Amino acid sequence: MVHSPAHPEHLTVTDDLDQLLAIIPPPIRQPLEVHPQRQEIIEIVLDLGRPPEARFPNGTEYLRTEPVTHQDLEYAIAQVGEFSGDNRAGIERTLHRISGIRNRQGKIIGLTCRVGRAVFGTVSMIRDLVETGQSILLLGRPGVGKTTALREIARVLADDLGKRVVIIDTSNEIAGDGDIPHPAIGRARRMQVARPELQHQVMIEAVENHMPEAIIIDEIGTELEALAARTIAERGVQLIGTAHGNQIENLMKNPTLADLIGGIQAVTLGDDEARRRGTQKTVLERKAPPTFTIAVEMQERYRWVIHEQVADTVDNLLRGRKGATQLRTLGENGQVITTHELPTPEPQPPTQLRRWRRAGRMVALPETSEAGEEFAQLLDHAMNEDPLPFEAYLQREGDDPVHLYPYGVSLELLNQVIMALDLPVILVRDIHQADVMLTPRVQARQNPKVRQMSKSRQIPVYTVKGNTLPHITRALRRLLRLDEGEPGDDWPLLTQGREEDEVEALEEARLAVEQIVIPTGQPVELLPRPPAIRKMQHELVEHYRLRSDSFGEEPNRRLRIFPA
């Protein structure tokens with residue numbers, strides 16, 4: 001047992017490093033035996049035709065300049081056991097993992113020899129949670145220490161708490177290779193898995209045959225494994241597992257693993273409930289109780305974020321809020337430092353007039369009838385004449401983005417304009433997160449819902465004449481109070497993603513406008529084009545604020561551009 005410089009001094013580390021180095025060919029092994037960072041090595045990489053590498057926490061070093069040969073790989077492969085279906089092998093009674101890369105003929109042409117370490121002391125960060133008997137899910141990127149934590153949790157549950165513990169060891173990574181498990185798991189029992197795709201069957205077998213009080217599972221990655229985990233948890237067995245993903249949000253977006261945190265489903269609310277919540281009628285909600293009550297996000301090796309109630313965390317995230325969490329870190333003296341983060345408050349209901357938005361970007365106006373009348377007058381003005389009526393309501397500071405709620409406006413065209421011109425605009429789906437609403441002028445005039453939403457939430461409305469690139473570009477420039485610039489400035493935007501024949505037709509229209517119609521005041525007829533391309537030409541002409549009509553019969557129908 002050693003104290004590794006990569007771990008706090010009070011933690012004891014067992015790595016059996018000499019046994020891993022013994023499988024490495026001597027010419028490659030010798031530099032590592034005397035390396036000053038020997039105890040911190042993460043893995044050794046042997047790829048055919050490339051220099052061998054040693055990877056440390058702070059970087060990678062070559063072990064020699066000569067490339068790895070077939071003889072080097074054969075030497076290492078001969079020292080380890082057989083490779084399983086997931087191309088992994090091990091060294092008996094150690095925690096090291098040797099993973100192979102095969103060519104198309106099935107021959108191994110690369111090896112990743114990862115150092116397995118038993119670190120005693122890390123479980124102190126969540127020992128109080130382990131002792132509750134509730135199921136715990138560990139999340140984190142590869143190499144952050146999930147398997148190491150599982151190993152010690154198994155030992156604490158079995159030895160210190162006296163529970164019947166069974167480890168489902170898919171690739172022999174938790175308890176080491178061979179039939180006799182590594183001492184790091186204590187009295188816990190280990191069930192090996194013949195093939196990775198059978199892990200879910202072994203999970204159920206463990207419950208039915210061996211009466212465990214706790215089951216340890218590494219890398220829940222398939223839908224069948226997620227269902228098996230739910231079955232185990234519903235039988236009253238404590239479940240400790242890991243899953244792919246760094247945060248709970250990753251699982252929410254993963255349909256395969258979402259069941260671990262309760263699953264996500266779309267629900268249609270009634271009018272009254274949608275009004276009470278201040279949301280759209282179709283919302284996302286948690287489907288069922290989570291399989292795991294507690295979740296631990298392992299951000300770094302000794303920096304963990306704790307969600308003590310996964311159900312509350314998921315519910316809050318689905319409603320756009322952040323739930324209560326704990327941040328736990330491990331000090332050099334072994335002391336666990338806990339910091340609590342309070343949840344974000346419930347959004348205000350829509351019945352209260354909200355005259356400002358997040359981060360103070362909107363100016364607060366007094367709650368008076370005069371202010372309400374003033375807003376109504378500005379709204380009427382915007383509906384009819386579309387000037388800049390809401391300058392007092394939309395105050396941007398510096399580079400603050402505007403949160404825009406589009407209503408009836410093409411999202412594809414909006415995104416195209418925002419990205420091409422790099423505008424400080426963020427599109428939002430929830431009107432309560434919006435600073436301003438953008439809607440077609442005809443919608444604003446004919447749809448009473450637009451006026452109702454604007455007045456009830458005190459959200460300014462800007463209108464766009466039509467769902468075309470020029471109109472949307474002009475509306476966003478006006479909203480952000482940007483110079484409209486010259487029509488030709490937006491040429492890259494108008495041609496973005498177009499086919500060659502479309503660009504050629506647009507270029508013809510642009511040259512006709514800039515070289516004939518505007519300078520001479522004479523109308524111009526363009527070449528015959530298909531309807532879709534003529535539509536693009538019409539939009540381009542409108543960008544110059546000129547008028548154009550189509551004349552003739554198909555297939556000779558063409559555009560005629562008129563001077564202003």
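Everything numeric here is computed off the predicted structure, so don't read it as measured data.
- R64 CZ: more than 12 foreign heavy atoms inside a 6.0 Å radius.
- Looking at every heavy atom in both residues, I216 comes nearest to A154 through CG1-CB, 4.0 Å.
- No side-chain heavy atom of R319 sits less than 4.5 Å from a side-chain heavy atom of V283.
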Checklist entry - Which is it for Y302 and I337 under the side chain to side chain contact (heavy atoms under 4.5 Å, CB included) test, yes or no, and what are the steps along the way? => result CA-CA 10 Å; Y302 303 113; I337 304 167; over 6 Å; no
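- Between the side chain of H96 and the main chain of V115, no donor-acceptor pair closer than 3.5 Å is present.
- Scanning all heavy atoms of the two residues, the minimum distance from I217 to M203 falls at CD1-CE, 3.2 Å.
- With hydrogens and angles ignored, the 3.5 Å screen pairs no side-chain donor or acceptor of H307 with any backbone N or O of Q309.
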Checklist entry - Going through the checks in order, is the side chain to side chain donor-acceptor pair (under 3.5 Å) test met by D72 and T69? => result CA-CA 5 Å; D72 293 328; T69 64; 3.2 Å; yes
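- In this structure, the side chains of I136 and V130 come closer than 4.5 Å at one or more pairs of heavy atoms.
- In this structure a side-chain-to-backbone donor-acceptor pair under 3.5 Å is present from R190 to G176.
- Side chain of E213 to backbone of R164: a donor-acceptor contact under 3.5 angstrom is found.
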Next on the checklist: Evaluate F83 against I108 for side chain to side chain contact (heavy atoms under 4.5 Å, CB included), listing each step before the verdict.
Outcome noted: CA-CA 10 Å; F83 285 81; I108 292 178; 3.6 Å; yes
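- Under a 3.5 Å cut-off, the side chain of K146 and the backbone N or O of R141 do form a donor-acceptor pair.
- Nearest heavy-atom pair, A188 versus A158, reported as atom, atom and distance to 0.1 Å: N-CB, 3.5 Å.
- Open room surrounds CZ on R189; 12 or fewer heavy atoms of other groups in view lie less than 6.0 Å from it.
- Atom CZ of R50 has 12 or fewer neighbouring heavy atoms from other residues, nucleotides or ligands inside a 6.0 Å radius.
- Nearest heavy-atom pair, T65 versus P51, reported as atom, atom and distance to 0.1 Å: O-CG, 3.9 Å.
- Atom SG of C113 is separated from atom CG of L46 by 5.0 Å, given to the nearest 0.5 angstrom.
- In this structure, CD1 in I232 is found 4.0 Å from CD1 in I215, a value given to the nearest 0.5 Å.
- Between the E53 side chain and the E61 main chain, no donor and acceptor come within less than 3.5 Å of each other.
- Proximity of a side-chain donor or acceptor of T94 to a complementary backbone N or O of G90 within less than 3.5 Å is not detected.
- Side chain of E205 to backbone of Q201: no donor-acceptor contact under 3.5 angstrom is found.
- Atom NE2 of H210 has more than 12 neighbouring heavy atoms from other residues, nucleotides or ligands inside a 6.0 Å radius.
- Panel note: side chain D169, backbone I174; a donor-acceptor pair is recorded below 3.5 Å.
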Next on the checklist: Applying salt bridge (charged side-chain N to carboxylate O under 4.0 Å, His left out) to R88 and D177, what does each step give before you reach the verdict?
Outcome noted: CA-CA 10 Å; R88 292 181 179 181; D177 206 46; over 6 Å; no
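- At least one donor-acceptor pair under 3.5 Å links the side chain of Q79 to the backbone N or O of Y75.
- Tested against W304, the residues Q326, Q299, M298 include a single side-chain contact (heavy atoms from CB on, under 4.5 Å) partner, M298.
- Within the model, atoms OH of Y405 and CE of M437 stand 7.0 Å from one another, a figure rounded to the nearest 0.5 Å.
- I24 is not listed as a side-chain neighbour of L32, based on a closest heavy-atom distance of 4.5 Å or more.
- Taking both residues in full, the closest heavy atoms of A206 and P212 are given as O-CD, 3.3 Å, listed atom of the first, atom of the second, then distance.
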Checklist entry - What do the steps show when you test R155 against I185 for side chain to side chain contact (heavy atoms under 4.5 Å, CB included), and what is the final call? => result CA-CA 5 Å; R155 180 185 59 80; I185 67 169; 5.5 Å; no
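- Closest heavy-atom contact between P142 and R114: C-NH2, 4.5 Å.
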Next on the checklist: Working note: I426 + V402, criterion side chain to side chain contact (heavy atoms under 4.5 Å, CB included); need CA distance, chi angles, decisive distance, verdict.
Outcome noted: CA-CA 6 Å; I426 297 174; V402 170; over 6 Å; no
Please tabulate, for the side chains in residues 287-294, all donor-acceptor contacts under 3.5 angstrom to protein atoms that are two or more places apart in sequence or on a different chain.
unit_1: T291; atom_1: OG1; unit_2: D259; atom_2: O; d: 3.4

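- Here the CD1-CD1 distance, from I28 to I44, works out to 9.0 Å after rounding to the nearest 0.5 Å.
- Atoms OG1 and CZ, from T60 and R55 in turn, are 5.5 Å apart once rounded to the nearest 0.5 Å.
- Among pairs with a residue in residues 246-256, none fulfils side chain to side chain donor-acceptor pair (under 3.5 Å), at least two apart in sequence or across chains.
- Taking 4.5 Å as the limit, every side-chain heavy atom of L129 sits out of range of all side-chain heavy atoms of Q134.
- L157 is listed as a side-chain neighbour of Q238, based on a closest heavy-atom distance under 4.5 Å.
- Atom CD1 of I98 and atom CD of E43 lie 11.5 Å apart (nearest 0.5 Å).
- Between N316 and V314, every side-chain heavy-atom pair lies at or beyond the 4.5 Å cut-off.
- We find that D218 and R151 are not joined by a salt bridge, their nearest charged nitrogen and carboxylate oxygen being 4.0 Å or further apart.
- Side chains of L73 and L48 form a contact here, defined as non-hydrogen atoms less than 4.5 Å apart.
- Few gaps surround CG on D128; more than 12 heavy atoms of other groups in view lie less than 6.0 Å from it.
- Contact of the I109 side chain with the D47 side chain is not registered, since no non-hydrogen atoms from C-beta on lie closer than 4.5 Å.
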